[in-house]
Each structure stands twice: as C-alpha cells, then as structure tokens.
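See structure below.
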Amino acid sequence: MANTLVMSEIEPEIRAEWIPAFESNPDETKDKLYVNVAFPYPSGAMHVGHGRTYIIPDVVARFWRMQGKQVLFPMAFHVTGAPVLGIAKRIANKDEKTLKLYGELYRVPKETIANFTDPITIVNYFADEYERVMKQLGLSIDWRRRFTTIIPQYSKFIEWQYTHIYGQGKVQKGEYPVRYCPACDQPVGDHDLLEGESAEIMHFVFVMYQFGEYQIPCATLRPETIFGVTNLWANPETTYVKAEVDGQKWIISSEAAEKLRMQKHTVVELSTLHGTELIDKTAKNPYTGADVPILPASFVDPDMGSGLVMSVPAHAPFDYIALRDLQEKGKYTDIKAIPLVTVPNYGTIPAQDIVEKNKIPNQEDPRMDDLTQELYTAEFSKGKLNDNCGIHAGKSVRQAREDVTREFTDERGSIIFHEMSQKRVICRCGGRVYVKILDDQWFLNYGDQAWKAQVHEQLPKVELVPAEVRAEFERTIDWLKEWPCSRRVGLGTHVPWDPKWLFEPLSDSTVYMAYYTISYKISKIPAEKLIPAVFDYIFLGIGDPTNMPVDEATLHELRSEFLYWYPYDYRFSAKDLISNHLTFQLFHHKAIFPDNLQPKGMVVFGMGLLNGMKMSSSKGNVFLLEDAANEFGADTVRMFLVGSAEPWQDFDWRNELVLSVKKQIERMWQIVLDSSDASGTTPIDAWLVSRMQQRIAATTKCLCAFQTRQALQEAYNGVVSDLAWYRRRLPEGSSGGAVQKEIMSEWIRLMAPVIPYTAEKLWKETGHEGLVSFAAWPVADESKINKSVEISESLIQRTVEDIQSILKLVQIEASNVTLFIAPQWKRHLFSIVAGAEDKRNVIKTVMADESLRAKGKEATDASLQTVKLIHSLSPELVSAIADGVDEEAIFKAASAFIEKECRLSVEIVSAEESTHPKAKSALPFKPALVIE
RNA sequence: GCGAGGGUAGCCAAGCCAGGCCAACGGCGCCAGACUUAAGAUCUGGUCUUCAGUAGUUCAUGGGUUCGAAUCCCUUCCCUCGCACCA
C-alpha cells in the first residue's frame, strides 16, 4: 500500500478508467439528471477562474451520479463570432502584444503560433487544450458529445431553430444606430475599440430654424428650451454647406453632412457658405415665430451636431458666458436671457446664478463641463416649465422634453441625430468610429410583449440558485428589446433566408442544450439530410418519420434519447450572463419547445479574483488552470475552488491558501490508511458512528442545495474534528475500533465528488471493487444516531474545556479537580425554566413551585443563571437536559479521560453534600469546579 | 445615472431570509508549547478587553422597532456586477 500521496502518479491511471465510464446513455431504469454549462469560446488558455465554472457542475454531477441518477454532463465549444478573426489578423501582422499573450502567457509553441493566422486553427488548438485540461481536472464529461458550433450538422440545427423563430415573426428587419467603423465597414463592439470605450451614442433632436428658403438645424439634447432661445451660434471660421437633405434645403457643417449620410439620409451638397455669411443675420424660431439673430462663436464645433447651435443663456452656462463676453465688448446688449425653467435652489436665471456663484472667468474654465452637468441634472430631475412655455407650462422638464421631442419629430420636420458622446472613439484598425444606422439588419424581437409575457410566466417555474438573482432575471426580461442577431463577418451559420448574414454568437447558442442529447449520433448523419423536418420530428415529435431523408429507426432513436434527457435540470453560468445569454435561452426555449421541455434550473456563479485582483488575460493577471493542476494536483485545485466560497460568491485564488488544501487532502489520505487495520470495539465507537450519520445528512442536504462550500465543511472539517475527538477519547494504547473502516468507507464517498482522484485511489486501497464515482452515496441511518452518547460527550467536552480554561487563567500548581454536580432541585428548576414560554418572567413561574419557593434567594439566583445557561445551549440539548441527564454516571465513566486530559486527579461530589462555597454555583450540565 | 448584489474581528469568510443557541463556524496570518540536531512539516493551545470557567465593548454609518438585533425597518458612505452588435 502506498504511503504517500503523489497526485501526478495516481491521476493518469484513474483518468483512463473514467473517460469511458462517463459516457452516458439513456437508462430507463434510472432517473436522469442533465447538467450543463455555458460552453467556452476557446480563443485562449483557461485560467483558474474558468476552472470553477466547470468544477462546481462536475461536483454536482458526481454527487447525483452516486445518488443513483443517470447523469449527463456534456461539453462543446462555441467558436461562432468575430474575435478570433481579429486575433488571427493581429498575429499575421506580428502584433507584439498578441504574440506575447499567446507565446508567453498561453505558452503556445512557436511553430503552432505560425499557423494562427488561420482563425479555425486557433479555436481548434484551444478546444483541444480545453478538453485536455478538463480531463486532467477529472471532469466527468461525456466527451463523445463534443462538437463545435461551426460543424455542418450544428448549422443545420441552427437553421431549424430559426425556421421556427423566423416563422413566428420574431426575427425582423430594423434600423438601429450602431457604432461603426467606415474603414472596416462593420459595427464595432466595446472590445473592438482602441479608445473611447466609455463613449455612448447620444440622441440629439435637430430643431429646425427657418432661414430664408433654407432651414438651419440646431442639435440639442434639451428641445424644451426652445422657449428660451435668444440667438443662434455659428462659427465664423467654418465653411458650411448648403445641401438638400431628404429633399429639404438645409445649412449644416460638412462633417454633419457626412454623418447624416451614414444615418440613412440622402444628402446632396449644393454649394458652400462661409460662417461669416451667417453672422448677424436672423433666423425664425419655429415655435415662437420670433426672429433670432445668428451670433459668432468660435466654440461651436462643426464636428458636433449640425455645426450650428441654439443659444439658451438662461439655462446653459456656455451660452450665458459666450453672450456675456460679447456684451462686455458692448455688442448685442439688447439680448436678454429668457428663463423658462424654475428649479429649486437656483435663481431666476440658473445659468447666471451658477456661473457667478463659482466665479467663472471665461469659457475656457475647466469647471464648465461639470457645472453644465450639474445644472442639467438639477433641471431634469427637479425643474418645472414657466408660464412662457405655451401648452407645456407647468410640466416637469422630464415630461416636457418628451412631449416637445414628439411634437417636433411628428409635426415640425425634426429628425433625431445620433452622435458619439466623445469624438475620440477609435477602432482597433486605427480609424475613427461614427454612428451609423444599419437598415438591412436582422433583429430578434425580444421587445415583443407577448413573448415577454410568456417568459415572465415561465420564470417562476425555473429553480434559480441563488434565489436573489430572480429579481435580476425579471428586470432583464422587461428590459430586453430588439437584439441584432446577424453579422456580416465572423464564423458561424448563415441566415437561411438571407445568406449574406451570419447569426451572431449570442443568437446561435440559446437552445444547443437540446443538441447535446443527440450530438454524437447526429454527427454521423450527412448534413444535407438534416432538413428542418428531421429536427421537427426529433425535438417536437412532428411529422411523418417514414417519409424523411433520415431512416425511421434512427429518427426514433434520436427522438427517444432527446426525450430521455430533456428538459435539462440545471444550467451553470457566471452572473454576468444573466442580462443576455441566460435570459435569451429562456425566450428561445419558450418559443420553440412545449411546456414540459422548458429549462428547469439555473445556478449562477460569482466572479474569480487572483490575489484579490480581478483576473484578466489582457492585464496578465491570470493563473493558468493547467499550471495549477500540475503544481498542486487536480484534487487540490478542485477542493480549493469548491471550498473557498459558495458558487454564487466571488472567490479569491491565493497560492498560499491552496497549499494548505493540499495538506488537508494528504491528511485525509493518511488518516484513511492508518485506520485500515483497525479492529475490535471501543466505548466511544457509538459516538463516532452517531456523529457520522449527522455529517452524512448535512453534507447531502448542502449538496442538494448547491452549497458546495458548506458541504465540504461538513464532509471534511466536520469529519476530521469528529475523528480528532474520537482519538482523544480512546482508551490508553488503543488505535480505535473496527468501526473506523465503516466510517472511512463513508468518508471516502462523501469526499469523492470534490476530490475524485484521491477518493478513487483510496477506494481501491481500502479494498473496494469498482469505481467510487459510481458507488452508492452514503445514507444517514437514523437508528445509529445515539443522542444520549452525544449528550454525554458534549458534557465531557464542555467540562474539560472549562477546566482547561481555568487552569490557563490561574497558573497554579494544581493536582486535583472536584466536580460538584448540581442537586436535584436545580434539575427540577432547569426543566421548569426550559419549559417556560416566556423566559423573562421565569422567576414567577419558578416561585409558583412550592419546593423551590422554600429555597428563597438561592432559587432566584439559580433561575437567572439557568436562563443564561439555557440561552447558550442548543434547544435540542436543552430539552435533553430537561429530560434528565445522569451527570454523575457520565463523569464517573469519563474520569480517567479527564484525568489524562487535565493531568489532575478527579473527584466527583454531589453539590448538596459539600460545604465548599463554590459548590453552590453548580448547574445542570455545568458542574461547579474547584481546582487545587 | 439606472438595475441587481454586497459591506462581519489583522486578512479571507460563515451567520442575516425564519431576532435570543453569537465574542460570533471555518481557514490564513501571528504568538506560545510539543516533536526534531536544526529547519520544515505535523500536533496542541492562544489570538477584542478583562477574568477561576465571569463580565464589558463589538458585526460600514447614524437613527428606529423590540424585554432582546450582526440578524427586521429607515439615513448616509463605500465596494462589485450588468447597462446591449458581444465572449
């Protein structure tokens, strides 16, 4: 028998046995359990953060497998999408950062990286690596079912899915403003940006001023301020263009003309016009009909909005200062600010108020942006429109803005103009990013109210772990709207009815859990035979199986396997996917599958930290999972990740803590082996067996609730501490009873889901046949629970602790301890107090008893002490004590032990028979102690 | 800003939903002792203050409810996640 545990030696042989054993087929004699995880996008190596995402489901899968369920735990790789295209391109361009990441951090061999100019090579390489590392970690996955999302059979499956979704009218063409890189000719997401990730798309209203036969659009976020416009601003150094926009004659900056084209407007430039040509002319306010002058302003940016701005000096600090500057030079002194909003804590002219209070000298003051923001926010949240605002007078700013915008766009020819909130938004290609309206785009209409209602109705039937995430799901269902589900570039499946598009990754990964159930069989069927009708039969039972490209027997087989496994029981994923993927898949399941095949449960994980910092490949703050497994062993990695936090909490990987987990596993190894030749019986055996039943029950209960950390506390720390007490209590010279063999067999099984390699090896070493992975989970045996022996041990333990803490305190040369056992009347009192409804007025109850009242003050004192004692004991223990515990017998039996533990001779005396003053303080379950 | 979730002793972290089993599980770190030639590992004990096993003051903050609050309600401050063309 091996004496030391060397993980790397035991792992390969066990792994070889496992891989075929975890191939899971339908077994009608057993209940099934289907768990799955959000499949990975294999564009890089796995770090320890990923590890937990797969290890927790594995622990759960292993637990249920031992509970006798037929468990399915499949895995596949999501290679749809664009990121690897970018990676391949950057590698082809010898981008240093990328080469460093893949060469140094992920340690891909040089000759392999050379082939990474092909995106498919990258995902295949890492998919293989994922599989290798997952196997190394002992994940009980059925690897036959592995696939990637770009194999032809899967594409056929996606086509089938969207045949239904599209057929139900849930995929529609739409217009949507997106961040767009003209150089790449495609939309850009956050991760495609070099700069400006925080920029948002802002939606301006173009307010149209009449200027002769032309219109001057002024971009504003606050159209309700139309009532306070005193003038327009034009930049005298800019050349504007006269243009026909959607058939109307406009004056705008040339930058604006270009942006309008991207936003689906037809723009024909007619002629140019110098800014100075506009200055001091007047334009007509479309709402009030008033003529407003156009004033010069160098701050007007032609690259922002239309290049022309309406001025509301009463409410816009910039406008106020610009006008003030001009008026101080004696110009335009007839213009007066027109206040239109009243807002608490600001003067009649809020812009003037805030500028003067802060003593802003000029427009260049850096505080201007903050002041503007502050005032805008105050007015938006608390402002009300004044009487000079026509039909909008008295409305809140929030309401008026909404109403005025609608009025302008519906009736007054205004358009919504989209603009980035920052100018420096730069694509990875180096080009500037603009807002573009895509008109050819396909959208999944998650905004469909009927669809939302169905999902809302379904959600309560889905078990969510932890329960707190339910609110977030509810919110997400409400919040989702049109989702652009197609892309021009990337890997993936073509949209069947419009093949120039591809489904984007979040849209081709919503019902693939169904595909797992048949993936290993369907991959043998040529894709061209997999027409939608075939999937209709397999998944929905619709159609005539005798008249299909796939033969009937095969169809029956696929259908029945699908029905065996589906619906899935639990899906595991990190919490950041609630707001998209996890909710999407509820929508799609609802749209396609009948009620009895809807998802049954989801378990949402917290995030991973490394040494207290967020893990991030790009920042290099990662610890590769494979390195961890090699350095510490798979079981150590598993036990650490399971034990460091409950699944839904964030966890922190720290190497120094991991090391102590390794020692814990080694300790278990040693304890089990040391117990293997135990024989005979000891008086304390019954206690150990009793405790073990409760450990089994608690561990089982925790695992059923996905409390893997708590389960591990019970199964490991709990058992270890019980064993420690057991050994302490053994008679001199004894190494324990044969009962330990039974305990060890149970312990190995309790730990098997978490540390399967070690457990598997120990299972064999202790003479068991077969794999522990498939052994029966221990069941707590009620008949072995022995309350009275647990109570005696508890009394002994507490007393020994008390003696030792006194010894610590007094530091005297003691040789003897006397235990004064509480007298009968105090036991009587204890049960009265324990039975009292209201512990506050317990004295009254006690005094109602003749015999106790006779004791007088002694009884009242004892009552108070008893109340305190009872509060410090578990209710279970309290009622046991109230029922009567023979303390004298317990201490007599344990006196040798106490003498050994405390190195004192023990004397047991009934408190009644002593005159020692201390003896009076004896209480039931708390003997008075005198050490001398 | 909006939505969701959190803040517990030197650190990590249980407890909170179902208020008295709470000076508060467990681990790390630290201190002392045992073992050892020594170190490491391991084991034992200690680790808010005080103390013959008692008591006092603690669970972000400030209030409130209650005989009693880490736990329930409200204030404020701080942190994490999500906020959409995407893994």
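Labels below follow one simple rule: chain letters A, B, ... track the order of the sequence lines, proteins then strands, and each chain is numbered from 1.
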> Could you state the interatomic distance from CG (A/Leu459) to OG1 (A/Thr583), rounded to the nearest 0.5 Å?
Replying inline: 8.0 Å
> Given the P atoms of B/C48 and B/U54, what is the spacing between them in whole Å?
Replying inline: 15 Å
>> Using Watson-Crick or G-U wobble geometry with both distances under 3.5 Å, which nucleotide pairs with B/C77?
In response: B/G7
> Nearest to the side chain of A/Arg487, which nucleotide is it out of B/C85, B/A41, B/A84?
Replying inline: B/C85
> Are side-chain heavy atoms of A/Phe126 and A/Tyr106 found at a separation under 4.5 Å?
Replying inline: yes
> Rounded to whole angstrom units, what separation is found between the CH2 atom of A/Trp648 and the C1' atom of B/C17?
Replying inline: 13 Å
>> Do A/Val719 and A/Met751 make a side-chain contact, defined as non-hydrogen atoms from C-beta onward lying under 4.5 Å apart?
In response: no
> Would you call the rings of A/Phe572 and A/Phe706 parallel, tilted or perpendicular, where under 30° means parallel and over 60° means perpendicular?
Replying inline: perpendicular
> How do A/Ala645 and A/Asn580 order along RNA chain B: which one's closest nucleotide is nearer the 5' end?
Replying inline: A/Ala645
> Mind checking who B/G26 pairs with, Watson-Crick or G-U wobble, both distances under 3.5 Å?
Replying inline: B/C12
>> Quick one, A/Phe587 and A/Thr510 - any side-chain contact, counting heavy atoms below 4.5 Å?
In response: no
> To the nearest angstrom, how far is A/Glu474 atom CD from B/G82 atom C1'?
Replying inline: 17 Å
>> What's the gap between B/A70 and B/C17 when it is taken at their P atoms, as a whole Å value?
In response: 12 Å
> For A/Leu929 and B/U54, what is the distance between atoms CG and C1' respectively, to the nearest whole Å?
Replying inline: 13 Å
> Taking only residues two or more places apart in sequence or in another chain, which ones pass side-chain contact (heavy atoms from CB on, under 4.5 Å) with A/Asp674?
Replying inline: A/Gln670
>> Rounded to whole Å, please give me the gap between CD in A/Gln707 and P in B/A13.
In response: 17 Å
>> What is the separation between atom CD on A/Gln649 and atom P on B/G6, rounded to the nearest whole Å?
In response: 10 Å
> With sugar-phosphate meaning primed atoms plus P, OP1 and OP2, does A/Phe584 contact a base, only sugar-phosphate, or nothing at under 4.0 Å between heavy atoms?
Replying inline: nothing
N/O contacts under 3.5 Å, protein versus nucleotides 3-5 of chain B?
unit_1 : atom_1 : unit_2   : atom_2 : d
B/G3   : O2'    : A/Arg475 : NE     : 3.1
B/A4   : O2'    : A/Glu472 : OE1    : 3.1

>> Both distances below 3.5 Å, Watson-Crick or wobble geometry, any strand: find the nucleotide opposite B/A52.
In response: none
> Please give, in whole Å, the distance from B/G82 C1' to A/Trp483 CH2?
Replying inline: 12 Å
> Can you tell me the Watson-Crick or wobble partner of B/U66, both distances under 3.5 angstrom?
Replying inline: none
>> Only pairs with both distances under 3.5 Å count, Watson-Crick or wobble alike; so what is the partner of B/C17 in this structure?
In response: none
> Measuring from A/Ser794:OG to A/Trp725:CH2, what's the distance to the nearest 0.5 Å?
Replying inline: 9.0 Å
> Under a 3.5 Å cut-off for both distances, is B/A32 Watson-Crick or wobble paired, and to whom?
Replying inline: B/U44
>> Looking only at side-chain N and O atoms, does A/Glu504 offer a donor or acceptor that is under 3.5 Å from a partner on A/Thr80?
In response: no
>> Heavy atoms only, 4.0 Å cut-off, all strands: where does A/Lys663 land among base, sugar-phosphate and nothing?
In response: sugar-phosphate
> Parallel under 30°, tilted from 30 to 60°, perpendicular over 60°: which one fits the rings of A/His78 and A/Phe39?
Replying inline: parallel
>> Heavy atoms only, 4.0 Å cut-off, all strands: where does A/Trp479 land among base, sugar-phosphate and nothing?
In response: base
>> Using the P atom as the point on both nucleotides, what is the distance between B/C73 and B/A60, in whole Å?
In response: 15 Å
>> Between A/Glu474 and A/Arg470, does any side-chain N to carboxylate O distance fall below 4.0 Å?
In response: no
>> Just to be sure I understand the rule, does A/Ala574 reach a base, reach only the sugar-phosphate, or reach nothing, if contact means heavy atoms closer than 4.0 Å?
In response: nothing
>> For B/C2, give the paired nucleotide (Watson-Crick: N1-N3 plus N6-O4 or O6-N4; G-U: N1-O2 and O6-N3; both under 3.5 Å), or none.
In response: B/G82
> B/C85 P sits how many Å from A/Leu480 CG, rounded?
Replying inline: 13 Å
> Considering every strand shown, what is the Watson-Crick or G-U wobble mate of B/U71 when both distances are under 3.5 Å?
Replying inline: none
> For the ring pair A/Phe584 and A/Tyr446, is the centre-to-centre distance below 6.0 Å?
Replying inline: yes
> What is the distance, rounded to the nearest whole Å, between atom OH of A/Tyr716 and atom P of B/A14?
Replying inline: 20 Å
>> Each nucleotide in nucleotides 24-29 of chain B should get exactly one letter: B, S or -. Can you fill that in based on protein heavy atoms under 4.0 Å?
In response: -BS-S-
> Which part of the nucleic acid, if any, lies within reach of A/Pro177 when heavy atoms closer than 4.0 Å are counted: base, sugar-phosphate only, or nothing?
Replying inline: nothing
>> From the set B/G53, B/G45, B/G82, return the single nucleotide nearest to any side-chain atom of A/Asp576.
In response: B/G82
> According to a strict under-4.0 Å criterion, is A/Arg667 in side-chain N/O contact with OP1 or OP2 of B/A41?
Replying inline: no
